[in-house]
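All remarks here apply to the structure that follows.
Both ligands and their constituent atoms are indexed starting at 1 by order of listing. Reckoned from all heavy atoms, side chains included, excluding hydrogens, waters and symmetry mates.
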Amino acid sequence: MRVLVIGSGGREHSLVWKIAQSSRVEKIFCAPGNPGIGEIAECVNISPEQIPLLMKFAVQEKIDLTVVGPEAPLVDGIVDEFRKNKLDVFGPDKNAAILESSKVFTKRFLKKYGIPSAEFANFNDYDDARRHILSRSKPMVIKADGLSKGKGVFVCKSENEALDAISAIMKDKVFGDAGDRVVIEDFLSGEEVSVLLFTDGKTLLSLETSQDHKTIYDGDKGPNTGGMGAYSPVPFMTAELSSRVEKQILIPTINAMNSEGRPYKGILYVGLMMTEQGPKVLEFNVRFGDPEAQVILTRMKSDIVPIMQATISGNLQDVDIEWHPQSSLCVVMTSGGYPGHYVNGKEISGLDQLKDRPDTQVFHAGTKYLNGKVVTSGGRVLNIVACGNDIREAQKRAYDAAGNITFEGVYFRKDIGFKAIVER
Ligand code: AMP
Ligand code: GLY
C-alpha cells in the first residue's frame, strides 16, 4: 500500500512511525512533514490547507490511504473532496467535523441529547457577553467559538480576567473570525482525561486512556497551550469508569450524530472532566490529540492500518486492538515564549545521542532544516516519548533523554505525569 499522511507535527510523526511498522505498507508520503518524519517517509511540499493539490498528488501517486492529522483540512472538507474522487481517506467529513469547528454547535448538541457537559450561554455581541459575565459567579470559562489551536479557552478566576478574555476574543479578534461568537461556561472541577475512539458510525472502539497537560507551567498553572506533555494509561480510569463514560457519553454521541444526519467516521477525541457528579464533556476534537497520539501510538501493539481501513469501510465490528502493557510518557520541548511570541531558527543539538535508545522516541514538531542543520520552527518543537514498566520509569527515561537536547530558549514542563505518580 501507498499511504499519505497530512500534517507536520509530533502527532503526524508518531502516526508515520506507527504506519511504517505495518506489513501492508510499502511507501509513505507526508505533506508537508518535518525533518524527523523525513527519516522514515518522503516529505512532499504541500501544506494541509491546499486540498486540490493534495488530491492531485494522491491521484498521481496512486495513494491507497490518506490519513489526515490536523483538524483544519477536515473542517474544510478534505474528506468530502477525496471521497468524490473515490480515494480512501481516514477522518470525518465536513458535516461531522463541526464537533470541533463550532463550540456553539457542540454545546447545543450536547444539551439537545442530554449528554453531560457544563452549563453555558453563547453570545455574538460584546455588551451582552459583558452583562452575562457581571451576573454570574466565578470562576468561569470563556471560549472562542471556532478553531484557535488550543489557545482559545480562558479559565477566568475573576471578573477582570473574564472581561479581558472577551475583549481579546471579540474586540481585538486575536483568533480572527473564530471569535465572532463566544461560549461562556460554568467552571467544572475534577480530573481531566482524554478518551479517543475509532468509530465507523456504528461500532465504537476505544483506545487506551491518556492525560494531556494543557497549561504552560508546572502544577497546571498559566495559559493554555496546544499540549505540553501526556502519559498513558491514566490510573484513575478504572474499567468501571470507562464503561460509564462509554454508556453515558461515547455511545450517545455517536448515535446523536447519526440522528443529526452527520454520521461520524474516524477518530473522535473526547476531552472529559471527571466531576463529582460524573464525567462531563469539555470538548470534542475530530482527530488524534497532540501529544496524546504520541503516547497512545507508542503503546499500540496492533497494526493501525487495518483498523483505519475498517473504519473507512464500516467493518469495525470485526476489529480488536492489542496494547503493550507498558506506560508511555511524552515531554513537549517548546521555544521560549510559547504560547506567546517566540523566535524560530535556533539550532537544535543532541538529537543524534537519542537515536538508538530502545525505549525512547523523539517525534519532531516545529523543526526544519536550515543550511543542513535542524533548527526550531514553531512553538512546540520536539516530543520526547519514553516507555517504561510504570509511569515513573517512563517519566525518568523521558526526562533523561530531554536532558540531552539543547537549543537557545528551550522550555519544557518538569512535572509531566505528576498526577499519576502522586496517586501511587
Ligand atoms: P477545551 O479546548 O474546550 O478542551 O478547553 C481547554 C482546556 O480548558 C480544557 O482541557 C480544560 O483544562 C479547560 N476547560 C475547558 N472547559 C472547562 C470547564 N467548563 N471547566 C473547567 N475547565 C475547563
Ligand atoms: N492535546 C489537545 C489537542 O490535541 O487538542
Cation-pi geometry met for K414 and Y399 (6.0 Å, 45°):
no
Are E42 and I28 close enough, and set up right, to give a side chain to side chain contact (heavy atoms under 4.5 Å, CB included), and what steps lead you there?
CA-CA 6 Å; E42 186 174 326; I28 310 177; over 6 Å; no
Distance to 0.1 Å, residue and atom name: give those for the protein heavy atom nearest to atom 13 (C) of ligand 1.
V155 CG2, 4.0 Å
What residue and atom, counting heavy atoms only, is the protein's closest point to atom 7 (C) of ligand 1, and at what distance?
N224 ND2, 3.6 Å
For a quick check: using heavy atoms under 4.0 Å, what are the residues in contact with ligand 2, sorted by chain and number?
D212, K214, G226, Y269, N285, R287, G289, D290, P291, E292
Quick test: of every protein heavy atom, which one is nearest to atom 12 (O) of ligand 1, and how far off is it to 0.1 Å?
E192 OE2, 2.4 Å
Is the closest side-chain donor-acceptor distance between T215 and R413 under 3.5 Å?
yes
For ligand 1, which part of L188 has a heavy atom less than 4.0 Å away: the side chain, the backbone, both, or neither?
both
Which atoms from ligand 1 have a heavy atom of F187 less than 4.0 Å away?
20 (N), 21 (C)
for atom 2 (O) of ligand 1, nearest protein heavy atom and its distance come out as E283 OE1, 3.0 Å
Just one of I133, D127, L134 clears the side chain to side chain contact (heavy atoms under 4.5 Å, CB included) bar with R131, so which one?
D127
Would K280 count as a contact of ligand 1 if the rule is a heavy atom under 4.0 Å away?
no
Does the plane of the ring in F123 sit parallel, tilted or perpendicular to the ring in H132? Use 30° and 60° as the thresholds.
tilted
D320, CG: over 12 other non-hydrogen atoms inside 6.0 angstrom:
no
Nearest-0.5 Å distance that lies between atom NZ in K143 and atom NZ in K107:
6.0 Å
Around atom 22 (N) of ligand 1, find the nearest protein heavy atom and jot down its residue, atom name and distance.
M273 CE, 3.9 Å
In a check of side chain to side chain contact (heavy atoms under 4.5 Å, CB included) between L204 and each of T253, L268, I254, which one passes?
I254
I'd like to know if D186 contacts ligand 1, where contact means a heavy-atom distance under 4.0 Å to any ligand atom.
yes
Side chain to side chain donor-acceptor pair (under 3.5 Å), that's the test. Do N34 and S8 meet it? Break it down for me.
CA-CA 6 Å; N34 63 37; S8 61; 5.9 Å; no
Side-chain donor/acceptor of K265 to backbone N/O of I312, under 3.5 Å:
yes
Considering only non-hydrogen protein atoms, determine which one is nearest to atom 19 (N) of ligand 1 and report residue, atom name and distance to 0.1 Å.
E185 OE1, 2.7 Å
Among non-hydrogen protein atoms, atom 23 (C) of ligand 1 lies closest to L282 CD2, 3.8 Å
Quick one: do S232 and R299 satisfy side chain to side chain donor-acceptor pair (under 3.5 Å)? Show the steps, please.
CA-CA 8 Å; S232 171; R299 296 192 55 223; 2.9 Å; yes
Parallel, tilted or perpendicular: which describes the rings of F284 and F109, with under 30° parallel and over 60° perpendicular?
perpendicular
Would you mind checking which non-hydrogen protein atom is closest to atom 16 (N) of ligand 1, with the distance to 0.1 Å?
K143 NZ, 3.0 Å
